[in-house]
Engineer: 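Below is the structure I would like to discuss, written out as structure tokens.
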Amino acid sequence: HVQLVESGGGSVHAGGSLRLSCAASTLYYTTYCMGWFRQAPGKEREGVAAIARDGSTRYAESVKGRFTISKDNAKNTLYLEMNSLKPEDAAMYYCAADACLARVRSWASLTRNEYAYWGQGTQVTVSS
């Protein structure tokens with residue numbers, strides 16, 4: 001079982017930046033595929049960014065060029081650097097993980113049902 005703990009959320013003005021972190025409690029961090037999702041009130045949870053075991057990344061069209069997902073295997077930590085934030089980026093952001101030994105190393109998914117483990121979320125608020 002993997003525990004995920006997000007941090008780094010907060011309130012910023014449009015155009016501002018935030019960096020989210022997700023600490024994972026597993027000795028086998030490098031065998032997991034990771035992703036960031038978000039959910040705004042009244043909306044479905046959507047995939048924002050994902051990173052594969054080989055470092056390949058995928059992004060939602062709405063955040064391409066503004067958000068960057070990365071991970072530090074030595075620290076068992078996933079990051080989401082968010083720049084040029086817009087009011088529509090405001091949401092609860094969740095870290096997700098799934099064991100990926102059975103998948104190709106380049107597998108990175110933005111589909112929520114592909115992930116078995118979830119953090120509790122961190123709130124991002126963007127004012128116009």
Side-chain angles (χ1 to χ4, degrees):
H1 184 71
V2 178
Q3 289 185 319
L4 304 171
V5 180
E6 302 97 333
S7 61
S11 182
V12 297
H13 292 293
S17 299
L18 283 173
R19 188 176 81 154
L20 306 183
S21 299
C22 172
S25 65
T26 174
L27 294 176
Y28 307 104
Y29 182 70
T30 57
T31 67
Y32 282 77
C33 300
M34 308 287 292
W36 286 100
F37 289 73
R38 67 186 181 187
Q39 187 168 18
K43 294 188 177 181
E44 295 288 320
R45 190 172 299 188
E46 61 175 356
V48 174
I51 188 164
R53 289 188 293 144
D54 68 354
S56 302
T57 57
R58 290 186 65 184
Y59 295 94
E61 286 296 325
S62 59
V63 306
K64 278 184 179 178
R66 301 188 298 121
F67 290 12
T68 303
I69 188 172
S70 62
K71 59 180 180 176
D72 185 331
N73 291 334
K75 296 182 178 179
N76 284 13
T77 302
L78 180 73
Y79 302 100
L80 184 68
E81 185 76 35
M82 305 187 294
N83 297 314
S84 302
L85 282 161
K86 303 175 181 180
E88 51 264 42
D89 294 318
M92 184 71 79
Y93 281 72
Y94 298 90
C95 172
D98 197 69
C100 276
L101 286 179
R103 300 186 185 277
V104 296
R105 289 183 55 81
S106 60
W107 186 88
S109 174
L110 296 177
T111 303
R112 63 178 293 184
N113 292 339
E114 302 276 13
Y115 293 88
Y117 305 103
W118 293 84
Q120 82 290 348
T122 185
Q123 183 69 46
V124 172
T125 303
V126 184
S127 57
S128 57

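We number each residue from 1, following the sequence as shown. Only this structure's heavy atoms are used, side chains among them; waters, hydrogens and symmetry mates stay out.
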Engineer: Stepwise, does the ring-ring contact (aromatic ring centres under 6.0 Å, His included) test hold for Trp118 with Phe37?
Structural biologist: CA-CA 10 Å; Trp118 293 84; Phe37 289 73; 4.9 Å; yes
Engineer: About how many Å separate CZ of Arg103 and OG of Ser106, when rounded to the nearest 0.5 Å?
Structural biologist: 11.5 Å
Engineer: Check the hydrophobic clustering (I, L, V, M, F, W, Y; side-chain heavy atoms under 4.5 Å; chains of links allowed) and say if Val12 and Val48 are grouped together.
Structural biologist: yes
Engineer: For the atom pair CG (Leu85) and CZ (Phe67), what is the distance rounded to the nearest 0.5 Å?
Structural biologist: 5.0 Å
Engineer: How long is the straight-line distance from CZ of Arg53 back to CZ of Arg105, given to the nearest 0.5 Å?
Structural biologist: 5.0 Å
Engineer: Under 3.5 Å, side chain of Asn83 to main-chain N/O of Ser17, donor-acceptor pair present?
Structural biologist: no
Engineer: Spell out, as yes or no, whether a donor-acceptor pair under 3.5 Å connects the side chain of Thr111 to the backbone of Asn113.
Structural biologist: no
Engineer: Taking atom OH of Tyr93 and atom CD of Gln123, what is their separation to the nearest 0.5 Å?
Structural biologist: 9.5 Å
Engineer: Donor-acceptor pair, distance only, cut-off 3.5 Å: does the side chain of Arg112 make one with the backbone of Ala96?
Structural biologist: no
Engineer: Does any part of the side chain of Leu78, heavy atoms only, come nearer than 4.5 Å to the side chain of Leu4, both counted from C-beta?
Structural biologist: no
Engineer: For the side chain of Tyr79 and the backbone of Thr68, is there at least one donor-acceptor N/O pair under 3.5 Å apart?
Structural biologist: no
Engineer: Could you grab the distance from atom CD1 of Ile69 to atom CD of Glu81, nearest 0.5 Å is fine?
Structural biologist: 12.0 Å
Engineer: Is the CD atom of Gln3 crowded by more than 12 outside heavy atoms at less than 6.0 Å?
Structural biologist: no
Engineer: Within the distance-only criterion (no hydrogens, no angle test), does the side chain of Lys71 pair as donor or acceptor with the backbone N or O of Gly55 below 3.5 angstrom?
Structural biologist: no
Engineer: Answer yes or no: is there a side-chain heavy-atom contact under 4.5 Å between Trp36 and Glu6?
Structural biologist: yes
Engineer: Within this structure, what is the OG1-CE distance for the pair Thr77 and Met34, rounded to the nearest 0.5 Å?
Structural biologist: 9.0 Å
Engineer: Do Glu46 and Arg38 touch side chain to side chain, with heavy atoms closer than 4.5 Å?
Structural biologist: yes
Engineer: Shortest non-hydrogen contact from Ser109 to Glu114?
Structural biologist: OG-CG, 3.3 Å
Engineer: Mind checking whether Asp89 and Met82 have side chains closer than 4.5 Å, heavy atoms only?
Structural biologist: no
